[in-house]
Amino acid sequence: MTWAVVPAAGSGSRFGGDMPKQYLTVAGRTLLAHTLQALLAHPNVEGAVVVLADGDLHWSGWSSFEGKPLLTCIGGQARADSVLAGLAALPDSVRMDDFVLVHDAARPNLQLADLDQLLERGRNDPVGAILASPVRDTLKRAGDDGGIDRTEPRERLWRALTPQLFRRLQLTRALEGARDAGVNVTDESMAMERQGLRPLLVEGAEDNFKITTPADLARFEFILSQRS
Ligand code: CTP
Ligand code: MG
């Protein structure tokens with residue numbers, strides 16, 4: 001059984017509005033609830049730590065979801081600080097060499113089959129694994145003037161998604177190492193890579209997107225309306 005850390009302590013500055021995006025309601029439930037539902041629906045996910053912003057006024061106060069335990073803690077300035085807080089708040093039953101999932105609260109469209117693949121394949125890798133999706137667009141390198149310097153080859157380029165699956169202590173050490181070096185890691189894998197480790201890429205659906213702007217929210221609303 002695997003625990004999850006769900007960073008939900010961001011302010012949604014790119015999304016805008018009064019309410020942090022994880023608390024916006026779509027089809028009768030908040031984005032955070034959709035995300036927790038997607039994670040905790042997996043039979044091998046045991047519970048989750050939800051990382052909240054200091055002074056969060058919107059948290060529902062749930063102590064369980066889908067019949068599974070939910071714990072909370074307070075996050076930090078950057079996403080990586082929030083993940084570190086979540087790792088520290090995991091129950092003692094999660095051993096230091098156990099794998100844990102980290103999954104963005106703002107990524108509500110995770111499919112069970114992808115989570116299943118990640119758990120299955122990641123647990124058989126010595127380091128761990130991340131969900132990812134190959135880059136499909138043609139990539140341009142811009143110059144200072146906004147003109148195109150060149151086209152970058154997209155072969156072997158992947159977009160990193162979440163969840164990401166790593167061992168509790170190894171991930172904690174890697175995130176602390178990045179923090180102490182003043183490096184802003186934007187996902188867990190980047191912290192592990194800094195240690196010379198090579199996490200496995202597990203291809204997942206490209207519609208496991210992060211809600212960053214109102215257009216992303218409209219896309220998620222559309223997907224839900226097609227599903228029902
Ligand atoms: N997050 C967090 N703690 C932070 C920053 C982000 O827990 N200090 C969480 C967000 O709540 C989100 C996830 O990390 O679930 C991914 O971050 P992002 O999409 O960047 O969300 P925000 O930081 O809230 O948005 P923005 O960057 O536009 O302000
Ligand atoms: Mg952010």
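Bear in mind the structure is a predicted one, so any value in this text is a computation, not a measurement. Counting starts at 1 for both ligands and their atoms, in listed order.
No donor-acceptor distance shorter than 3.5 angstrom exists from the side chain of R167 to the backbone of G128, with no hydrogens or angles considered.
At the top of the distance list for atom 9 (C) of ligand 1, counting protein heavy atoms only, stands P7 O, 3.5 Å. The protein heavy-atom contact nearest to atom 16 (C) of ligand 1 is D104 OD1, 3.6 Å. What sits closest to atom 1 (N) of ligand 1 on the protein, heavy atoms only, is G10 N, 3.5 Å. Here the protein heavy atom with the shortest distance to atom 27 (O) of ligand 1 is R14 NH2, 2.9 Å.
Comment: D104 engages R79 in a salt bridge, judged by a side-chain N to carboxylate O separation of less than 4.0 angstrom.
Between Y23 and H58, the ring-plane angle classifies as tilted under the 30° and 60° cut-offs.
Taking distance alone, with nitrogen or oxygen atoms compared against 3.5 Å, I211 stays at or beyond that limit from ligand 1. Ligand 1 has an N or O atom lying under 3.5 Å from an N or O atom of A105, backbone or side chain. Between K21 and ligand 1, an N or O atom pair is found at a separation short of 3.5 Å.
Side chains of Q164 and M192 form no contact here, defined as non-hydrogen atoms less than 4.5 Å apart. Proximity of W62 to L32: side-chain heavy atoms (C-beta onward) are nowhere separated by under 4.5 Å. Side-chain atoms of V6 and L36, non-hydrogen and from C-beta on, do get closer than 4.5 Å to each other. For the pair L90 and D98, the minimum side-chain heavy-atom distance is 4.5 Å or more. Side-chain contact between P199 and D125 is absent, with no heavy atoms from C-beta onward closer than 4.5 Å.
Annotation for ligand 1: atoms under 4.0 Å from non-hydrogen atoms of Q77 are 8 (N). Every atom of ligand 1 is numbered from 1 in the order shown, and the set under 4.0 Å from a heavy atom of A78 is 4 (C), 8 (N). For ligand 1, the atoms closer than 4.0 angstrom to any heavy atom of A106 are 15 (O). Near S11, the atoms of ligand 1 lying under 4.0 angstrom from a non-hydrogen atom of the residue are 24 (O). The K210 neighbourhood of ligand 1 comprises atoms 16 (C), 18 (P), 19 (O), 20 (O), with distances under 4.0 Å to a heavy atom of that residue.
Contact between R107 and ligand 1 is absent, with no heavy atom of the residue lying under 4.0 Å from the ligand. The shell of residues lying under 4.0 angstrom from ligand 1, judged by heavy atoms, excludes T212. Residue G12 places a heavy atom under 4.0 Å from ligand 1.
Counting non-hydrogen atoms of neighbouring residues, nucleotides and ligands closer than 6.0 angstrom, the CZ atom of R141 reaches no more than 12 such neighbours.
Side-chain heavy atoms closer than 4.5 Å link hydrophobic residues (I, L, V, M, F, W, Y) into clusters, and following such links, even through other members, never connects L171 to M1. At a threshold of 4.5 Å between side-chain heavy atoms, the hydrophobic network of Ile, Leu, Val, Met, Phe, Trp and Tyr places V5 and L39 in two separate groups.
Residue S82 touches ligand 1 through its side chain alone, judged by heavy-atom distances below 4.0 Å.
Here the shortest heavy-atom distance to atom 8 (N) of ligand 1, taken over G76, A9, G75, belongs to G76.
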